[in-house]
Amino acid sequence: MSASVAAPRPVTLLIGALGGEGGGVLSNWIVNAAQTSALPVQATSIPGVAQRTGATTYYVEIWPQSWGALNGRTPLLALSPAVGEVDVVAVTELLEAGRAIRSGFVTADRTLLIASTHRVYTTTEKIVMDDGRFDPAQLKRAAESSSQVPLLLNFERIAKGAEAPLNAVLLGAIAGSGRLPIPQEAFRQGIRAEGKAAEANLRGFEAGLAAVRGLAVPLAVEDGKRPDPLVNTGELLGRMVADFPAGVHEVLGHAIRRLTDFLDVAYATLFLERLEPFRHGDETLLGTVARHLALRMSYDDAIRVAQAKTRPQRLERIRAEAGAGPHDPVIVTEFLKPGLEEICDILPEPVARVLMALGRRWPRLGRMRRGMYVKSTSLWGYSQLRLLAGLRRWRRGTWRYRREQEAIAAWLRQVRAAATRDVRLGLEVAECARLIKGYGETYQRGLGNYRRIVAELIRPALADGRDPSAAAGQIAQARSAALADPEGAALGKVLAQPRGGGVPDSRPPMAAASD
């Protein structure tokens, strides 16, 4: 009796990409490679509704036998993926892996999951007052447990190092996995057949291929050519290592980079000095205070916005997202709508005081906002933004700077006083800094809610000697209400509750993601 032979079946591949990431081109490369190898292939796509509210998916089926071996027969290939029937899922971003897992296309008995571990944040993640980011560790755990073989690498970083598009690097990873019945040279021919930016795409392909083989990927740009704000901060880093516990070094290192870029090394030194009273206490409290202190000291203003909009890396990212070639023109138009307060924030204090007084006298002036369109890719527009970003060196003399430093000092005093009574109370007071972010109306709403919590909960808790555990629970509940409803209605209801006894800590779990 002869042994049964399993009938051949198509190899199935599902690609998930965001708008502008070249998912369609990636699909075309694979189709080209399959046709070069004389394999029957079919590809379809389902477009998403927007760049970050819905991904575009591409589905490819490849028959593993050549046309010659089929003797004139034509295999039947499906137009869409079936749950539990996908061999390879390749996605350009970590949350897209989560989408594929939730849809049932990634299975532990069959699917090779290739995913870049970097994140492109959704609109939902960005608009909440709290840290709304999905937990990347949870996404990675789901990817590892749901797939037969998880191949999780930061392909975006590899692409930047190779000065190549992300989709080309992902193609190299797909080829290197060996799951498709296509030789690697056919993939290279598929890139050449597409005809656009072949040199950069081939460079990305080789980088992805090397990465999945565990080989070192040569970078096209040497690290020394990229500006690093940590230049001349060696002494400060040495102080960090010598004076602070190892558990907070990563947070402090990020903070020093951020604050040196925001102003200068002296400002980053002030950051460490402000942490001195906390360094011998509870390490969790130290890390929490350090994280929020760095964010508060690098507040958002028009100067900071101009800094971000004129960074070379930003234009590189925009060009990559638009799929522009090396010589293709790209025009970027910025829309700015500053109000009187945002203008005063970056002015010298005496001038700002006069303008703010005029705004209070004539409310229409204070509410006036003028929309501006600035082409940051033109010489004139870029020069305007660079001039604004250059005001960074005079930031210490601005109206906003003094107010922020006074507010930060008051917050630190409250945290120290609360921690002296109870560590958890100190942590809850420190976490209230999450309410203060952004600029304009977002900043004002958050600041108003923060001040209400300080006036009605924090100051009384520090003054009347009430039970610190009950006070900590009340502060946590009020903060959660303010983050969920920035308009303040939910906070008002919480503050109206009787304050006798403890209030359970109802905080939502905070996403554990790197800065």
Within the 4.5 Å heavy-atom criterion, are [X] and [Y] side-chain neighbours or not?
X	Y	result
Ile114	Val91	no
Arg445	Thr442	yes
Val86	Val106	no
Leu113	Ser146	no
Leu340	Cys344	yes
Arg424	Pro468	no
Trp399	Leu347	no
Arg311	Gln307	yes

(request) Answer yes or no: is there an ion pair linking Arg434 with Glu431, defined by an N-O contact shorter than 4.0 Å? (result) yes

Surrounding [atom1] of [X] (heavy atoms of other residues, nucleotides or ligands, distance under 6.0 Å), is the total greater than 12?
X	atom1	value
Tyr373	OH	no
Arg402	CZ	yes
Arg451	CZ	no

Atom of [X], atom of [Y] and distance for their closest heavy-atom approach:
X	Y	answer
Leu435	Ala482	CD2-CB, 3.6 Å
Pro277	Arg416	CB-CD, 3.5 Å
Ile158	Ala211	CD1-CB, 3.6 Å
Ile256	Ala268	O-CB, 4.1 Å
Ala290	Leu252	CB-CD2, 3.7 Å
Gly84	Thr107	CA-CG2, 3.6 Å

Distance (rounded to the nearest 0.5 Å) between [X] [atom1] and [Y] [atom2]:
X	Y	atom1	atom2	result
Thr333	Met372	OG1	CE	13.0 Å
Ile303	Arg393	CD1	CZ	11.0 Å
Leu457	Gln477	CG	CD	9.5 Å
Leu495	Ile453	CG	CD1	6.5 Å
Thr92	Glu21	OG1	CD	3.5 Å
Leu336	Glu342	CG	CD	11.0 Å

Does [Y] offer a backbone N or O that forms a donor-acceptor pair with the side chain of [X] under 3.5 Å?
X	Y	value
Ser378	Lys375	yes
Asn167	Gly23	no
Thr398	Arg395	yes
Asn449	Pro486	yes
Thr377	Val332	yes
Asp345	Arg400	no

Taking atom types as modelled, find out whether [X] and [Y] have a side-chain donor-acceptor pair closer than 3.5 angstrom.
X	Y	result
Ser116	Glu156	no
Gln148	Thr111	no
Gln444	Glu341	yes
His118	Glu93	no
Thr122	Glu125	yes

(message) Holding to ring-ring contact (aromatic ring centres under 6.0 Å, His included), I want the full list of residues that pass it with Phe262, two or more places apart in sequence or in another chain.
(response) Tyr267, Tyr299

(message) side-chain contact (heavy atoms from CB on, under 4.5 Å), that's the test. Do Met297 and Leu270 meet it? Break it down for me.
(response) CA-CA 10 Å; Met297 288 180 68; Leu270 174 62; 4.2 Å; yes

(message) For a side-chain contact (heavy atoms from CB on, under 4.5 Å) check, start with the C-alpha distance between Ser376 and Glu334, then their side-chain angles and the critical distance, and finish with the verdict.
(response) CA-CA 7 Å; Ser376 56; Glu334 319 286 352; 2.8 Å; yes

(message) Looking at Trp411, I'd like to know if the NZ or CZ of Arg296 sits under 6.0 Å from its six-membered ring centre while staying within 45 degrees of the ring's axis.
(response)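 Here Arg296 passes the 6.0 Å and 45° test against Trp411.
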
(request) Determine which pairs satisfy salt bridge (Lys or Arg N to Asp or Glu O under 4.0 Å) with at least one residue from residues 274-283, sequence neighbours left out, and list them in order. (result) Arg239-Glu276, Glu276-Arg279

(message) Set out, in order, the CA-CA distance, both residues' side-chain angles and the distance that settles side-chain contact (heavy atoms from CB on, under 4.5 Å) for Val423 and Thr284, then state yes or no.
(response) CA-CA 9 Å; Val423 172; Thr284 301; over 6 Å; no

(message) Please evaluate residues Arg304 and Asp261 with respect to the criterion salt bridge (Lys or Arg N to Asp or Glu O under 4.0 Å), reporting the C-alpha separation (whole Å), side-chain torsions for both, the decisive distance (0.1 Å), and the verdict.
(response) CA-CA 10 Å; Arg304 186 72 168 164; Asp261 178 65; 3.2 Å; yes

(message) Does Glu144 form a salt bridge (Lys or Arg N to Asp or Glu O under 4.0 Å) with Arg141? I'd like the steps, not just the answer.
(response) CA-CA 5 Å; Glu144 291 168 351; Arg141 287 194 298 269; over 6 Å; no

(message) Using salt bridge (Lys or Arg N to Asp or Glu O under 4.0 Å), reason through Glu96 and Arg99 one step at a time and then give a plain yes or no.
(response) CA-CA 5 Å; Glu96 295 310 313; Arg99 289 185 196 266; 3.0 Å; yes

(request) Could you go through the side-chain contact (heavy atoms from CB on, under 4.5 Å) check for Asp300 and Lys437 one step at a time? (result) CA-CA 7 Å; Asp300 289 324; Lys437 62 173 63 177; 5.9 Å; no

(request) Identify the residue among Leu293, Leu236, Leu259 that makes a side-chain contact (heavy atoms from CB on, under 4.5 Å) with Leu272. (result)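 The side-chain contact (heavy atoms from CB on, under 4.5 Å) with Leu272 is passed solely by Leu236 among Leu293, Leu236, Leu259.
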
(request) Give the C-alpha distance, both sets of side-chain angles, the deciding distance and a yes or no for salt bridge (Lys or Arg N to Asp or Glu O under 4.0 Å) between Arg392 and Asp264. (result) CA-CA 9 Å; Arg392 158 181 179 256; Asp264 52 31; over 6 Å; no

